[in-house]
Colleague: 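Got a structure for you, questions after.
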Protein chains: 2
Amino acid sequence: MRKGEETRTRILDVAEAAVLQKGFGGTSIEELIAETGITKSGFFYHFRDKNELAKALLNRYIENDERIYDEIFNRARELTGDPLQSFLIGLKLLSELLSDLPNGHPGCLVAGICYYERLFDREIQEINRNAVLAWRRRFGRMIRDIVAVYPLREPVDVDQLADMVSSVLEGGIVLSKTLKEPNTLAEQVLMLRTFVKMLFLPVAEMPKASSGSAFHGGAEPH
Amino acid sequence: MRKGEETRTRILDVAEAAVLQKGFGGTSIEELIAETGITKSGFFYHFRDKNELAKALLNRYIENDERIYDEIFNRARELTGDPLQSFLIGLKLLSELLSDLPNGHPGCLVAGICYYERLFDREIQEINRNAVLAWRRRFGRMIRDIVAVYPLREPVDVDQLADMVSSVLEGGIVLSKTLKEPNTLAEQVLMLRTFVKMLFLPVAEMPKASSGSAFHGGAEPH
DNA sequence: TGAAAACTGTACCGGCGGTACAGGAGGGGA
DNA sequence: TCCCCTCCTGTACCGCCGGTACAGTTTTCA
């Protein structure tokens, strides 16, 4: 019983890394058993087929993901009672965590599976869907707490704003991976933070209309 | 010469739909030739291997993508000379185009390939990277035009703001696909539009602090 | 009309997902 | 001590797939 769990975990570890680099279709079972040092029969003892491996992988990934968000935003809530401030602090902590990843974000399994869709059964697609809905509920809850205290400066739908957090994270991961710029993801989260700040806080008075060109980014001569 | 191009295009059409539904690894060449009504030899006459198919597919996708953006934002520029207004109109047009897609957005090949990464050669990864950099340049150019006229109400980096457009699009596609809610993508683009608006325009005066709960979204009893 | 372009047909290879099944090591409870 | 259960190994096999090789055929158009 103990030994079995350990082997199973080792397979999942190897599989997760492989799937995030090559997708499900690009990851062969033979390659997984080679790296885990197990036989093919051993693999199929733990997982009936590739679909069940995907399911286990996805469930584990989502669980871990939720745990991380819980930690970050609970920590943020410990630091202040104000719902807006704790949300903003949470986003800051999240961006720091993301920029501390040594090789950049490895990729999101939810997105990976969404781009592999048709080869999995309805159950997996449902698990994936529920994970995204859980994000919507999580961030929606926090935003509703804010709205109860701060007036919204522009008419936006709370659930859509909650989805924006997921959008920017998923999109930021794609950009970061494609550009091979690990920092892009963290920067995008901070941009979202700026948006949230502007939606609920009065803008600081303009310092002196210095006509544009103040906050330009890197040079882009082309 | 003419006939060859036509067959090639037909293969690419079939392949694009398949790849967006199942990923590259999940798409078999045999399945492509079956649907195109061509033989295996015929397929390999047009494409040396799967990698070259991917390259052609990606290049065509990016080209088409650029064309669509050109059309939308040129059209927006025809409607007004003001850089901010034309950008906002462009985003509105984009969201309308996205919400008019009958079955929702089919998925972005750039993201699909980014999640399949390791199985392609450096060249493809470079094409992908350049596509994202082109988006950054495109939106960055428009934002710089705005910044030259309107003061930024919060200190944000222009390139990071430009990347936010790509982030929200890519993330919105993932959310839309996973949730099977075609509208989510268009809504996310409009959220981004609100952000851009707030960054450059003074906020409308608050109507009367009716203490929150004004713009709540759908009920979320959990 | 003739050469090049655009294929078809056939045969083959090795890798992969998956199945089937027999058997064995090791530990824990009766 | 014995037996059973968990956790594997080993072997053999199937059919699909990506890819190669190459000879031959039809279509196109200059």
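Chain naming here is simple, since letters A, B, ... match the order of the sequence lines and numbering starts at 1 in each.
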Colleague: Side chain of A:Ser28 only, please: which of D:dG19, D:dG10, C:dG17 is the nearest?
Modeller: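 It is C:dG17.
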
Colleague: In whole Å, I'd like the distance from the NZ atom of A:Lys50 to the C1' atom of D:dC17.
Modeller: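 Whole-Å distance recorded here is 13 Å.
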
Colleague: Does a nitrogen or oxygen in the side chain of A:His46 sit under 4.0 Å from OP1 or OP2 of D:dC8?
Modeller: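 Result: yes.
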
Colleague: Can a side-chain donor-acceptor contact be found between B:Ser176 and B:Glu181 if the only test is distance below 3.5 angstrom?
Modeller: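 No, no side-chain donor-acceptor contact under 3.5 Å.
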
Colleague: Is the Lys NZ or Arg CZ of B:Lys50 less than 6.0 Å from the centre of B:Phe24's six-membered ring, within 45° of the axis?
Modeller: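 No cation-pi geometry.
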
Colleague: Check the distance between D:dT20's P and B:Arg48's CZ and give it to me in whole angstrom.
Modeller: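 One finds 9 Å between P of D:dT20 and CZ of B:Arg48, rounded.
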
Colleague: Determine whether the aromatic ring centres of residues B:Tyr115 and A:Tyr115 are separated by less than 6.0 angstrom.
Modeller: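 Ring-ring flag for A:Tyr115/B:Tyr115: false, centres at least 6.0 Å apart.
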
Colleague: Taking the side chain of A:Lys40 as heavy atoms from C-beta outward, which of D:dG10, C:dG18, C:dC7 is closest to it?
Modeller: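 Among D:dG10, C:dG18, C:dC7, the one nearest the side chain of A:Lys40 is C:dG18.
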
Colleague: Please tell me which of the listed nucleotides, D:dC8, C:dA20, D:dG19, lies nearest to the side chain of A:Ser41?
Modeller: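 Closest of the options to the side chain of A:Ser41: C:dA20.
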
Colleague: Just the rounded figure in Å: distance from C1' of D:dC7 to CD1 of A:Ile33.
Modeller: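 Taking CD1 of A:Ile33 and C1' of D:dC7, I get 16 Å after rounding.
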
Colleague: Check the distance between C:dG24's P and A:Tyr45's OH and give it to me in whole angstrom.
Modeller: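 My rounded result for the distance is 18 Å.
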
Colleague: When you get a sec, tell me which of C:dT8, D:dG18, C:dG17 is the closest nucleotide to the side chain of B:Glu30?
Modeller: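 So the nucleotide nearest the side chain must be D:dG18.
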
Colleague: With nearest nucleotide decided by heavy atoms, which residue, B:Gly42 or A:Thr27, maps closer to the 5′ end of DNA chain C?
Modeller: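 Nearest-nucleotide comparison on DNA chain C picks B:Gly42.
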
Colleague: Is the closest side-chain donor-acceptor distance between A:Asp65 and A:Trp135 under 3.5 Å?
Modeller: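 Yes, because at least one side-chain N or O of A:Asp65 sits under 3.5 Å from a partner of the opposite role on A:Trp135.
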
Colleague: Calculate the interatomic distance between B:Asn51 atom CG and D:dG19 atom C1'; express it in whole Å.
Modeller: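 Distance, rounded to whole Å: 13 Å.
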
Colleague: Expressed in angstrom and rounded to an integer, what is the separation of A:Phe44 atom CZ from C:dT19 atom P?
Modeller: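 One finds 7 Å between P of C:dT19 and CZ of A:Phe44, rounded.
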
Colleague: Report the distance from atom CZ of B:Phe43 to atom P of D:dG19, rounded to the nearest whole Å.
Modeller: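 So the CZ-P distance, B:Phe43 to D:dG19, works out to 8 Å.
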
Colleague: So if I take every side-chain heavy atom of A:Ile38 and compare against D:dC8, C:dG18, D:dG19, which nucleotide ends up nearest?
Modeller: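 Of all the options, the side chain of A:Ile38 is nearest to D:dC8.
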
Colleague: What pairs of donor and acceptor atoms, side-chain ones from residues 93-100 of chain A against any protein atom, are under 3.5 angstrom apart with sequence neighbours left out?
Modeller:
| unit_1 | atom_1 | unit_2 | atom_2 | d |
| --- | --- | --- | --- | --- |
| A:Ser95 | OG | A:Lys92 | O | 3.1 |
| A:Glu96 | OE2 | A:Lys92 | NZ | 2.9 |
| A:Ser99 | OG | A:Ser95 | O | 3.4 |
| A:Ser99 | OG | A:Glu96 | O | 3.2 |

Colleague: Roughly how many Å is it from CD1 in B:Ile29 to C1' in D:dT20, rounded to a whole number?
Modeller: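 Those two atoms, CD1 and C1', are 12 Å apart.
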
